[in-house]
Structure formats: structure tokens, C-alpha cells
Amino acid sequence: MNKDRYNGKESFEEWKKEWQLEDRYNFRTIESKWQKIWDEEKAYKVEIDKSKEKFYALVEFPYPSGAGLHVGHPRSYTALDVIARKKRMQGFNVLYPMGFDAFGLPAENYAIKTGVHPAVSTKANIANFTRQLKSLGFSFDWDRCISTCDPEYYKWTQWMFIQLFKKGLAYKDKIAINWCPSCKVGLANEEVVNGCCERCGAQVVRKNKEQWMVAITKYADRLIDDLDDLDFIERVKSQQINWIGRSEGAELDFELTDNDGKVLDGKKLKVFTTRPDTAFGVTYMVMAPEHQYVKELMSRFENPDEVQAYVEETAKKSDLQRTADDSKTGVELKGIKAKNPFNNELIPVFISDYVLTGYGTGAIMAVPAHDQRDYDFARKFNLPIIQVLEGGDISEKAWEEDGAHMNSGFLNGMNKEDGIKAAIEYARKSGFGNSKVNYKLRDWVFSRQRYWGEPIPMVYCEHCGWQPIPESELPLTLPEVPDYHPNDEGESPLSKAGAWLETTCPKCGGKARRETDTMPNWAGSSWYFLRYCDPHNDKEFASKEALEYWMPVDWYNGGMEHTTLHLLYSRFWHKFLYDCGYVPTKEPYRRRTSHGMILASNGEKMSKSRGNVINPDDIVDSYGADTFRLYEMFIGPFDQVAMWSEESLMGVYRFVNKVYGLFKKVSETEKALEKDLRAMHKCIKEVTERIDQMKFNTAVSSLMTYVNYLSDKEKIAAELYETLIRLLCPFTPHLCEEMWARMGHEELAVTALWPQFDQNLAEDSVVTIAVQLCGKMRGTIEMPKDAAREDVEKAALSLENIKRQTEGREIKKVIVVPNKIVNIVAA
RNA sequence: GCAGACGUGGUGGAACUGGUAGACACGCCAGACUUAGGAUCUGGUGGCGUGAGCUGUGAGAGUUCGAGUCUCUCCGUCUGCACCA
């Protein structure tokens, strides 16, 4: 017998004497007692058990920052903890793991400031997070805890990168990347918010650098199409689709010529357009200032100085400056023309910064009559505007709606769809173009000029180029470096790692140098849910058996801010592993939900600088973990933002104490009446359904209603109270565990069975029916459930109120909605 | 500008396929009780009206026996994307 459970007493009887004297709920001793017992008995440890149905609940693992847990974290963790606990009580084999996304910039910045090695501070932070998470009583299987900065973990992240490289999906390229001059680091498109660094807010500039890239664009179509079968909340789906930005159109070649129409050999200007059918309305062409032809043709221009000046001016601008100002600027490339392949007309060519180098081909055909941007530009530079779609007035602005084609040769009279088809067909036959799909999504910039990340397991050999290190040498561990500063040239601190850098080429055995960039912290989090399935495996990242049993994740909850970052990356990464045959499912997550943020009581974001941060430790200390958990579930609709309110928290605190106090009224001899059972079954039904629907706030109000009902009673039948304890257990496990033990149960409450409801008892036997006169409420009648229509009608018409008000009026019609309403329509 | 979500008491928010608007909680008011505790308990609480009653879900119209819910127009808030050809 576990003496801990009886507060050190020898028997249940002796312990009973102790708590019978207690009046108030002492959450401090009770919560820590059960946390210790759960820990010792490994109550949440889970193994593969094929006799049971599995359920994999997942929350985004935190970055272990020095600030500790934020009140936002437990909103997500408690929600899925409630779901995991309920599923466990319903007999599922539940995997609910936790770990740490431990590589990242703050640890490195801290190291720069203090000299403390990131590994040291990260370890301390993980210990603090673990303590905090345990103090909240989450049912994580701590034996499966992982950390992305652990070499045993990042060995596999590196291994997966090598697989990407081998399949040609990881490549080194010199491109203009987003460069944060403050962090001195390259950023992925997804990390740039409004032209600024997501992390520090500095304006991002373009910088040409050799970078490791990962070809996520190869998966663009599948990342869109496979969303169809997934149970993701709509805004996640639409944001991902929007971000990938698929658009169908055509690529067309426009030959470049000199002023007299003599074709310049090999210089065809390729453009992408979604409307090839408007080609007869093209009156000029525009290239991005970065376009390679600008450099290549410079000697031909009659105004090279002007062109060069514009190119330089554009290069100096940040992306933000470039997009903030939408007035059109540009320079004509004098001395060259483009030839419209549809009508062989010669048209001028410009450079302008409204054409982006990163999208399509970096050049456009301009149709000012039907595109507002082209229209603005044409007006400013006095270029002709030719209408080719009927229906609009183009004297003031572009006509961007649909209309039959005009001034368009063989396309005249066609609608949009046919016109596009015909134009592409013509281009294809004539050999100057074809249909083409374009994406806003860019390949993933995978290099970071940083210390605290996974080393990229590649070496450069003069003879053999980039080579992956042999897989037997993994993990390639992070070397020690004299200091953690990146330099202004954008070289990683690893470039100072001395002897570590020098190695031999795995192919030719000659001299080779290691890559010094590290991976972005989205790398480790792209596959962590796979490692949870088999976290201690040193032969594979996870065994086939474990992956086949546990995958996919059944329910994944996390922040909206990760929709186009982590969530997209990890779906891609997973699909890649699937294609290689390493994972059994083509998608990692079956269901994805998202919680709303928790704001300070005045509606502002909680932040250190505003000084309005609520520390979970303080709340646990003052009110207990159960109150904290329950409050976060009661605070409002789970998917919406919520404001922290200590006063509302008090209400929940009272409720928790009330449940404790109710125990005194529980009587073994008391029998539950039918009315009691109806209240109970109704509560079971509502709580069960509402948890599944993620309506935690109303699930809690059902429990409150039931508790209010019970507290009106003199004595409470044991059955009624036990059911309450089981229903409440996922929300407030410590309290429930204690009360469950006091009810005399030897097994843990967290392993108890989830109550079932009886549909007949969950509904009322007597219903209150509203009586309306011409749609206005006049009174109510009590009727047995499913009473006959005539009886209901009769009862309604005999209501005092109705009699009085219908006197002398003709009753035209009586509408009876069973068990709901009677509407009497009178003249 | 584009896309999406939303708008309900003093406050957070309930209301399943159109069917008693305001569940549950906070706050407030009145009372009880007390070895004073973050007390607790009882009753009340959308607005107007002594009352029967009237009125009420951002504004206006419409469909319907009946609209918070459906349709249209407008106003407002939030989120995401933003010169994507």
C-alpha cells in the first residue's frame, strides 16, 4: 500500500481522521503530493500496445527561453492535456509528449553578452521549464522528453539534411537573400514580416550570398492539394494556400531588338503572365532592375549612366522602402526594343522597381488598359494604352474586370477562358511560349550565420565540390569557438573554429573545408514529432514499428504564427521522408487547431517592456495549478484571443473550493433520484461533446451548472459526486485525484473510466414550451416530452394571457414545433 | 487594396439544423452570518415603466408564423497577405 497516498498514514482509516478535520482545500500540499505520486508511478508512461487504439496528441514544444513559461503556453498545453486525459480514460493508448526546441538566437546573444556557453544556459532553462511544466500537472510522458540541441537528436536532423542533398533537394546557390543587418543573419522569406526581421524588427536588406537552399517549391502543389483531406481549421488552410500562391498562366518569349527591329541574337525576354490573352494590349515591357539582361546589355544602351544610377538606387533601398511607396518610377532602356510575338510590333523596354526579381521571370509584359499598376506607369511615362477587353472605361483607371476580347486579332470576341486557351495554343505552336504555373513560395533559405544551431554536415573540396560527410561520422558536433560574434561579412562564428574546419574530402581524400553556416531552428522542429515515437533509438531516427503504430499525429495544436513557418516546413519535410519510404504517412498531422493569444487585462500584448507579464509560477503559488488550468479553459473561446483577468480567476478558484467542500455532503446511503440522474447524464453528455468540439469554456460551465445543482442538495449520493470527479479530472487532476482517493478508490483517478451517458436520461422528461402570439413571447407551458400536438395546442390556447389577448380575434393558424415552441397567429 | 473572421448587458462570454436572447462566470445592489477569510450563504441584476406591458443582439432594409442566426447595403473591429504580373 502506498503510504504517500495516505499522507504517510498507515491506512485509509487513519488518513480519513486527518482529512475529516480539515476544512479548507489545501492545494499546496495536495498538488505536490499527487505530482510526486504520478512521477514515481510513471502514470503517463506509454508503450506500444497493439491491443489498444492509439491517440497521439501533440503541442508545439517550447523554446526554453530565460524568461520561463508564459501564460500563453499552458493554454495550449492544458487544452490538449484535457483531451489526452479524457482519451486515456476512454481507453485509448495516448501519447502526449513534450520536449524542447533548444537551438536559437537568445541563448547565443546571452553568450555574447556574458560568455556563458549556450549549452550551459540552455540546460538551465530546460530544467526551469521542466519544473514549471511539472508544477502544472500535465500528463506528459517525461521518459520521451527530447531536445533538439542534443547531439543524439541532431544527429538525425543532419542525417535528414544529407538525404535532402542526395536527392538534389538541398543545394548551394548564390542568391539575393533577406539579410538582417542587426542580427547579421540571412532570413527565410517566412521570417520577414512587413519587410522587417521577425525577431528584432530591423529593416531587412537584400544581400547576395552563397546559401544552402532547400527546394520546398518542388512540393508546392502537393502542399496545397493534400490539404483537402486534412482536418485543419479553415484559416490555417487558406493562409497556407495564400502563402504558396499558386497561379496559372503562361511564359512567353519576347525577342529583343535594336531600334530598327534587328533581333539581338539569343536575347529573348521571358515573361510570366496570367493573362496571355491580353497580349495585343501590350504597349511596353518592364524588367526588374536586378535582371541579368540589364548588366549584359549595358553597352548597347544609349543612356547607360541613367540606367546604372537607377539600378544602384534600387539596390540601396530596403524591401520596406521599396514597397511602401507605390508611385511608379523607372528608366527606359534606350537603344533596345522588344518585339511582340503576337503582332510583331516594336515596343519600348523599361526597368522599374515595381517588377520584382524574385517572382516569375523578373520581367513583365505591360498591359496598361487592364492592370492598374501598368496603367499608373503608362500614364506617368506617356505610353499608349490599348483596350483589348470590352466593357470598361479606361479614361480614368484600368479595366480589371472580364469582357470579350477586342483589338486582339484572332482572339476577338472570345471570353476570358477561351482567349487564354487560344493564346497559349498559338504561342506553343509558334514556339515562343507555353503554359506555366508560378508560385509565390520561394525555396527555403537554410543557412544561418550563427553558432547555436546544427552544423551543416557538408564539406567543400576543391576537386569534388560540396560533399556530405559520411553518415558514420554523424553527429557532427558543434565545436568550441573563441567567441560567438558573427562578423559584418556575414560569416558564422564557426569560421573561427580552427582545426575543426580542416578535414578531408570523403570522396577523393584530399583537403577539404567544413561548412561553417548552421541550420535554421526550423530544422529540428520539422520532424520532432517523429522522434517522440521512439526517442531513444540510436540506430534510426525512429523504428518502423513505432512510426507505423503512432503516426500520424491525431491532434496537433499550436500558434497561428507558425502557419507559414514551422507548419509548412514540417509538412514538406515529412513528405520528403515519405517519398524516401522512411515514414508511413504522407501527412504528419491529421487535425490542426490553433489557440488564441492571451493578452494582458487591458488588451495589450504581454511583454517584458510593458511590465504586464503574468508569471505562471505566481498563479500556481497563489491559487494552485488546478485553478490556473481550469481558468485558462474557462477564459473564453479557445481559438480566440482572451484577456487575462484575475477577478475571473477568483471565480474559478471559488468553484474549485466548492467542489472540495461538496465532499462533506456525500453520503454512501443516499440514493440518487431520477431528477439527479438527469442532471448527471446531461452533464456527462455536454462535457463529453464539448471537449471533443474544443468548446472548453462551455464544458466548464456545464460542470459549474452541475455543481450548483449538487450544492443545493442536503446530501449527495456517492454516484453523483464520483461522476463529477471523473468529468472534472482532465481539467483539475490534482483535486480529483485527492477526492477520488477519499472516496476510497485504490487506483488512480487518472486511470478511471470516463463516464458514459444515457441519451434518455440526458434529456428532460418535462419540457418548457414557449408560447408566442404572432411571434411575440406571451408565456410558457410545461408539457411532457413529445406530447401530442393537440394537447400542446390546447394548453397554449388556454393560457390566461393568450385567452385575454386573442379575445374576439380570429385565430388563423397555430404553429407547433415539438418540444420547442407554439406560435399562435391571430388576425 | 485583396482574402478571411467578427460585432450580443457594466465586463468575459452562452444560444446545436432559424424556435423562450443573455447559460456560466465576473462585477454591482440588498440582506444574513462571522474567532475577519483572497470569506461564506440567500435573494436580485439588459433598458424603460408603479403595473399589465413595451423595447432590446453595430445601422438600415428584406425573406419568414418566427431572425442574434439566412439574404442585400452600409458602418466598425481584428487577423493574414500586400506592386505576386
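Every chain is numbered from 1 and lettered A, B, ... according to where its sequence line falls, protein lines coming before strand lines. Computed over heavy atoms, backbone and side chain alike; hydrogens, waters and symmetry mates excluded.
Applying the 4.0 Å criterion to OP1 and OP2 of B:U55, one finds that A:Lys776 has a side-chain N or O inside that range. Considering only side-chain N and O atoms, A:Asn708 lies under 4.0 angstrom from the phosphate OP1 or OP2 of B:A25. Between B:G4 and A:Asn242, no contact under 4.0 Å exists linking OP1 or OP2 to a side-chain N or O. Regarding contacts with the backbone of B:A23, every side-chain N or O of A:Arg690 stays at 4.0 angstrom or more from both OP1 and OP2.
For A:Lys328 and A:Tyr354, the positive end sits near the middle of the six-membered ring, less than 6.0 Å away and at most 45° from its axis.
Using a 4.0 Å heavy-atom criterion, one finds that A:Ser702 contacts no nucleic acid atom at all. As judged by a 4.0 angstrom heavy-atom cut-off over every strand, A:Asn801 is placed among residues touching the sugar-phosphate backbone only. If you check every strand for non-hydrogen atoms under 4.0 Å, A:Ile824 touches nothing. Within 4.0 Å of A:Val825, counting heavy atoms only, lie sugar-phosphate atoms of the nucleic acid but no base atom.
In the set B:A85, B:G19, B:A15, B:A85 carries the atom at the smallest distance from any side-chain atom of A:Val355. Checking B:U17, B:C65, B:A14 against the side-chain heavy atoms of A:Ile815 singles out B:C65 as nearest. When distances are taken from the side chain of A:Gln772 to each of B:G80, B:U20, B:A25, the shortest belongs to B:U20.
Under the rule for a salt bridge (Lys or Arg N to Asp or Glu O under 4.0 Å), A:Asp376 has no partner lying at least two apart in sequence or in another chain.
Glycosidic conformation of B:G9 is syn; the angle stays within 90° of 0.
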For nucleotides 26-29 of chain B, list the nitrogen or oxygen atoms of the protein found under 3.5 Å from its nitrogen or oxygen atoms, one pair per line.
from  : atom 1 : to       : atom 2 : distance (Å)
B:C26 : OP1    : A:Arg654 : NH1    : 2.5

Tell me which donor-acceptor pairs under 3.5 Å the side chains of residues 631-639 of chain A have, and how far apart each pair is, sequence neighbours excluded?
from     : atom 1 : to       : atom 2 : distance (Å)
A:Tyr631 : OH     : A:Ser645 : N      : 2.9
A:Tyr631 : OH     : A:Ser645 : O      : 3.2
A:Glu632 : OE1    : A:Arg75  : N      : 2.8

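Here the P atom of nucleotide B:G66 and the CD1 atom of A:Ile821 are 12 Å apart, to the nearest Å. Put simply, CZ on A:Phe634 is 10 Å from P on B:A14, counting in whole angstrom units.
Looking only at atom types and distance, the side chain of A:Asn708 has a donor-acceptor partner in the side chain of A:Lys658 under 3.5 Å away.
The base of B:C65 is not paired with the side chain of A:Lys812 by any donor and acceptor separated by under 3.5 Å.
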